[in-house]
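First comes the structure, then the notes that go with it.
This is a predicted model, so every value here is computed, not measured. Here is the naming used below: chain letters follow the sequence lines, and residue numbers restart at 1 for every chain. Just so it is clear, the values below take in all heavy atoms, side chains as well, and ignore hydrogens, waters and symmetry mates.
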Amino acid sequence: MSRYKDYQLIEKLSNVVGNEVTLRGWVYNQRGKGKLQFIILRDGTGIAQCVVFRDNVTEEVFESAKRITQESSLSVTGVVRADERAPGGFEIDVTDLKIIQIAQDYPIAKKEHGDAFLMKHRHLWLRSSRQHAILRVRAAVIKAIRDFFDGSGFTLVDSPILTPNACEGTSTLFETKYFDLGSAYLSQSGQLYAEAGAFALGRVYTFGPTFRAELSSTRKHLTEFWMVEPEMAFFDLEDDMDLAEDFVEYIVQYVLKTCRKELEILERDTTKLENIKRPFYRMSYTDAVDWLVKNDIPIIKKIDNQDVEIRPFPWGEDFGTVQEEAFMEQFDKPCIIHHYPTEVKAFYMKRDESNPKVVCALDMLGPEKAGELIGGSQREDNFDLLLERIKAENLPEEAFEWYLDLRRYGSVPHSGFGLGVERTVKWITGAKHIRECIPMPRMIDRIYP
RNA sequence: UCCCGAGUAGCUCAGCUGGUUAGAGCACCUGACUGUUAAUCAGGGGGUCCACAGUUCAAGUCUGUGCUCGGGAGCCA
């Protein structure tokens with residue numbers, strides 16, 4: 001038996017039909033109809049319609065029922081009845097009602113609101129059914145991530161958030177003072193540390209928040225987001241791709257299994273998710289470029305501050321949103337694009353032995369404009385080649401001594417990838433903006449609430 | 001950072017080629033109703049028209065600058 005308060009939850013009402021119960025929660029909506037008051041109560045697990053009929057309660061209780069406002073907190077006692085007319089399916093014939101607190105002028109009305117207003121009231125917006133459902137799916141996605149790795153021989157190895165240098169040397173980082181040691185930066189990836197972990201424990205994953213100070217303001221970017229990064233010793237790119245597919249399939253199927261109700265609230269077309277089963281699609285970068293050329297998809301580049309369309313798409317350029325979305329329209333499942341040009345990818349990616357112009361990298365793009373869900377690669381395990389890349393990118397060699405040590409002492413082929421939690425939640429829920437996929441989003445120009 | 005758009009009631013918005021007293025729906029308050037589903041009906045209160053400067057007899061409306069917000073691009077997960 002639990003040692004803490006054990007009270008009736010709305011999601012468990014089906015077990016107690018005919019019984020008198022006491023619910024505790026908040027008023028989601030309220031309608032008066034003369035001698036009848038309908039109160040929609042929510043307690044975090046569901047909603048239940050509480051019916052207060054004047055002839056069934058004391059005058060005092062009925063007056064209380066008329067006084068309550070949206071989001072007031074209550075405890076309600078009554079007999080449970082299944083009723084098709086009730087949202088949630090169950091109704092409470094109220095015999096007693098206690099007001100815990102009357103909410104005055106709750107800002108979020110039953111009508112529509114603009115995004116700016118809702119973001120300013122994010123702490124209250126979380127109470128609405130859509131946001132509630134998205135957060136439940138997010139929790140399920142995270143549970144699926146942990147179950148998947150914990151159940152297949154991986155060890156969780158968390159990487160530091162404060163780091164002494166740029167991981168990939170490209171992104172803009174958040175900088176902070178670090179005692180007498182100069183500057184520290186908020187981590188933008190745990191991968192390099194995960195590699196050390198993989199050489200100690202074989203198969204590891206790191207899971208935590210990640211920070212990017214880039215000035216990106218789109219509906220698929222956050223400045224603070226959660227990323228899970230598995231790293232596997234003795235995995236080559238093929239193994240890496242196989243794992244990425246198994247992983248994404250597992251997450252989607254787990255959410256389908258455990259979040260039916262939430263997906264229904266979100267009006268998500270679940271047939272599209274049911275279809276997310278292996279095998280996914282795969283294509284090399286070079287073949288993808290051929291497809292872009294064949295379909296006359298150009299690249300738009302800024303030359304002298306002017307947008308210029310270049311066609312045919314030149315081999316060697318990275319894909320942007322236009323190319324990704326056009327390319328993915330042909331697929332109903334994720335597609336992995338692999339073997340990207342060396343120049344557009346990070347220094348630690350392993351060069352393909354038969355063609356040094358490309359690296360053993362993979363990006364998994366999601367269908368339905370989900371964008372890039374996963375980025376990963378086989379890592380460069382050759383000491384000389386890695387050092388050469390560090391020098392070519394003008395990275396501070398001293399800072400990477402420990403990383404080079406991994407190639408000095410028992411280097412082995414290894415691979416890994418990173419999956420963005422919020423991007424995955426956005427895809428699965430069909431949320432229109434990534435800021436809805438994390439409780440308190442951090443974006444350029446927004447750090448409140 | 002660049003490009004585009006928007007700031008008018010607590011919220012969502014309308015407000016014409018500048019014209020005298022500023023509009024609607026919702027929310028809120030009062031009243032009516034035993035079955036409401038964003039209830040409905042009747043009545044009521046509610047405004048620094050983002051800020052500053054300018055043009056004009058006259059600015060919510062036109063011009064400039066700034067601020068805030070939204071959408072897109074690049075970068076990425």
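Toward the 5' end of RNA chain B, the nearer of the two residues Trp226(A) and Asn29(A), judged by each one's closest nucleotide, is Asn29(A). When each of Phe225(A) and Arg85(A) is assigned the nucleotide of RNA chain B with its nearest heavy atom, Arg85(A) is the one assigned upstream, toward the 5' end.
Following rounding to the nearest Å, Ile337(A) (CD1) and C76(B) (P) show an atom-to-atom distance of 14 Å. Distance Glu422(A) CD to A77(B) C1': 9 Å, rounded to the nearest Å. Remark: P of C75(B) and CD of Glu317(A) are 9 Å apart, rounded to the nearest angstrom. What separates CZ of Arg54(A) from P of G35(B) is a distance of 13 Å, to the nearest Å. Put simply, CD on Glu372(A) is 11 Å from P on C75(B), counting in whole angstrom units. In this entry the distance linking CZ of Arg442(A) with P of C76(B) reads 25 Å, nearest Å. Trp125(A) has its CH2 atom 22 Å from the P atom of G10(B), to the nearest Å. Going from atom CG of Asn56(A) over to atom P of G35(B) covers 15 Å, rounded to whole Å.
With sequence neighbours left out, Tyr285(A) forms a side-chain hydrogen bond (donor to acceptor under 3.5 Å, both in side chains) with no residue at all. For Lys350(A), the side-chain hydrogen bond (donor to acceptor under 3.5 Å, both in side chains) partners at least two apart in sequence or on another chain are Asp381(A). Applying the side-chain hydrogen bond (donor to acceptor under 3.5 Å, both in side chains) test to Asn275(A) and every residue at least two apart in sequence or in another chain returns Asp332(A). Looking at residues two or more places apart in sequence or on another chain, you find a side-chain hydrogen bond (donor to acceptor under 3.5 Å, both in side chains) between Arg278(A) and Glu245(A), Asp246(A). Remark: Val157(A) pairs with Thr155(A), Leu201(A), Val204(A) by the side chain to side chain contact (heavy atoms under 4.5 Å, CB included) rule, at least two apart or across chains. Partners of Ala370(A) according to the side chain to side chain contact (heavy atoms under 4.5 Å, CB included) rule, which considers only residues two or more places apart in sequence or in another chain, are Leu373(A), Trp427(A).
Remark: the backbone N or O of Lys143(A) is not paired with any side-chain donor or acceptor of Tyr254(A) at under 3.5 angstrom.
Taking the six-membered ring for Trp and the full ring otherwise, Phe313(A) and Phe327(A) have centroids separated by 6.0 Å or more. Aromatic rings from Phe149(A) and Phe247(A) are positioned such that their centres are separated by under 6.0 Å.
Side-chain contact of Tyr348(A) with Glu195(A): a donor-acceptor pair under 3.5 Å is absent, judged by distance alone.
Annotation: G54(B) and A58(B) have their P atoms spaced 12 Å apart (nearest Å). Going from the C1' atom of C29(B) to that of C50(B) covers 29 Å, rounded to whole Å. Annotation: C11(B) and G74(B) have their C1' atoms spaced 35 Å apart (nearest Å). Nucleotides A42(B) and A22(B) are separated by 26 Å at their P atoms, to the nearest Å. Rounded to whole Å, the C1' atom of U56(B) lies 9 Å from the corresponding atom of G18(B). A gap of 12 Å separates the C1' atoms of G10(B) and G47(B), to the nearest Å. For the P atoms, the distance linking U8(B) with G45(B) amounts to 23 Å, nearest Å. Atom P of G19(B) sits at a distance of 11 Å from the matching atom of A59(B), rounded to the whole Å.
Ile374(A) comes within contact range of the sugar-phosphate backbone alone, with a heavy-atom separation under 4.0 Å but no base atom that close. Within the 4.0 angstrom heavy-atom criterion, no nucleotide atom of any strand lies near Pro107(A). Residue contacts for His113(A): at a heavy-atom cut-off of 4.0 Å it reaches the sugar-phosphate backbone alone, with no base atom in range. Within 4.0 Å of Gly371(A), counting heavy atoms only, lies no atom of the nucleic acid at all. Counting non-hydrogen atoms under 4.0 angstrom, Asp318(A) reaches the backbone sugars and phosphates but no base. At a threshold of 4.0 angstrom between heavy atoms, the contacts of Gln104(A) with the nucleic acid are absent.
Residues from residues 238-251 of chain A with heavy atoms under 4.0 angstrom of RNA chain B: there are none. Less than 4.0 Å separates RNA chain B from at least one heavy atom of each of the following residues of residues 33-45 of chain A: Lys33(A), Gly34(A), Lys35(A), Leu36(A), Phe38(A).
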Sequence-aligned protein contact record of nucleotides 66-73 of chain B, with B where the base is within under 4.0 Å of a protein heavy atom and S where only the sugar-phosphate is: ---SSSBB
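Remark: G35(B) base-pairs with no nucleotide; criterion is Watson-Crick or G-U wobble with both hydrogen-bond distances under 3.5 Å. In this structure, U20(B) makes no Watson-Crick or G-U wobble pair, since no nucleotide meets both defining distances under 3.5 angstrom. Under the Watson-Crick or G-U wobble criterion, with both distances below 3.5 Å, A51(B) is paired with U65(B). With a cut-off of 3.5 Å on both pairing distances, the Watson-Crick or G-U wobble partner of C2(B) is G72(B). Nucleotide A77(B) has no partner under the Watson-Crick or G-U criteria, as no pair reaches both atom distances under 3.5 Å.
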Using the 3.5 Å cut-off, write out each protein N or O paired with an N or O of nucleotides 23-30 of chain B and the distance between them.
none

Arg24(A) vs Thr22(A), side chain to side chain donor-acceptor pair (under 3.5 Å): CA-CA, chis, key distance, verdict: CA-CA 7 Å; Arg24(A) 290 167 181 82; Thr22(A) 298; 5.7 Å; no
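To the nearest 0.5 Å, the span separating CD1 on Ile108(A) from NE2 on His113(A) amounts to 6.0 Å.
Between Glu422(A) and Arg138(A), at least one side-chain nitrogen of the basic residue sits less than 4.0 Å from a carboxylate oxygen of the acidic one, meeting the salt-bridge criterion. Salt-bridge check for Glu380(A) with Arg389(A): failed, with every basic side-chain N at 4.0 Å or more from each acidic carboxylate O. Between Asp242(A) and Arg282(A) there is a salt bridge, since a side-chain N of the basic residue sits under 4.0 Å from a carboxylate O of the acidic one.
Which of U36(B), G35(B), U12(B) sits closest to the side chain of Arg31(A) comes down to U36(B).
Side-chain atoms of Arg423(A) come within donor-acceptor range of the base of C76(B), with a qualifying N/O pair under 3.5 Å.
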Let me check something: any side-chain donor-acceptor pairs from residues 362-369 of chain A under 3.5 Å, sequence neighbours excluded? List them with distances.
unit_1: Asp363(A); atom_1: OD1; unit_2: Lys345(A); atom_2: NZ; d: 3.4
unit_1: Asp363(A); atom_1: OD2; unit_2: Tyr340(A); atom_2: OH; d: 3.4
unit_1: Asp363(A); atom_1: OD2; unit_2: Lys345(A); atom_2: NZ; d: 3.3
unit_1: Glu368(A); atom_1: OE1; unit_2: Arg268(A); atom_2: NH1; d: 3.2
unit_1: Glu368(A); atom_1: OE2; unit_2: Arg268(A); atom_2: NH2; d: 2.9

Can you list, pair by pair, the side-chain donor-acceptor contacts under 3.5 Å of residues 58-65 of chain A, counting residues two or more places apart and other chains?
unit_1: Thr58(A); atom_1: OG1; unit_2: Val61(A); atom_2: N; d: 3.1
unit_1: Ser64(A); atom_1: OG; unit_2: Glu60(A); atom_2: O; d: 3.1

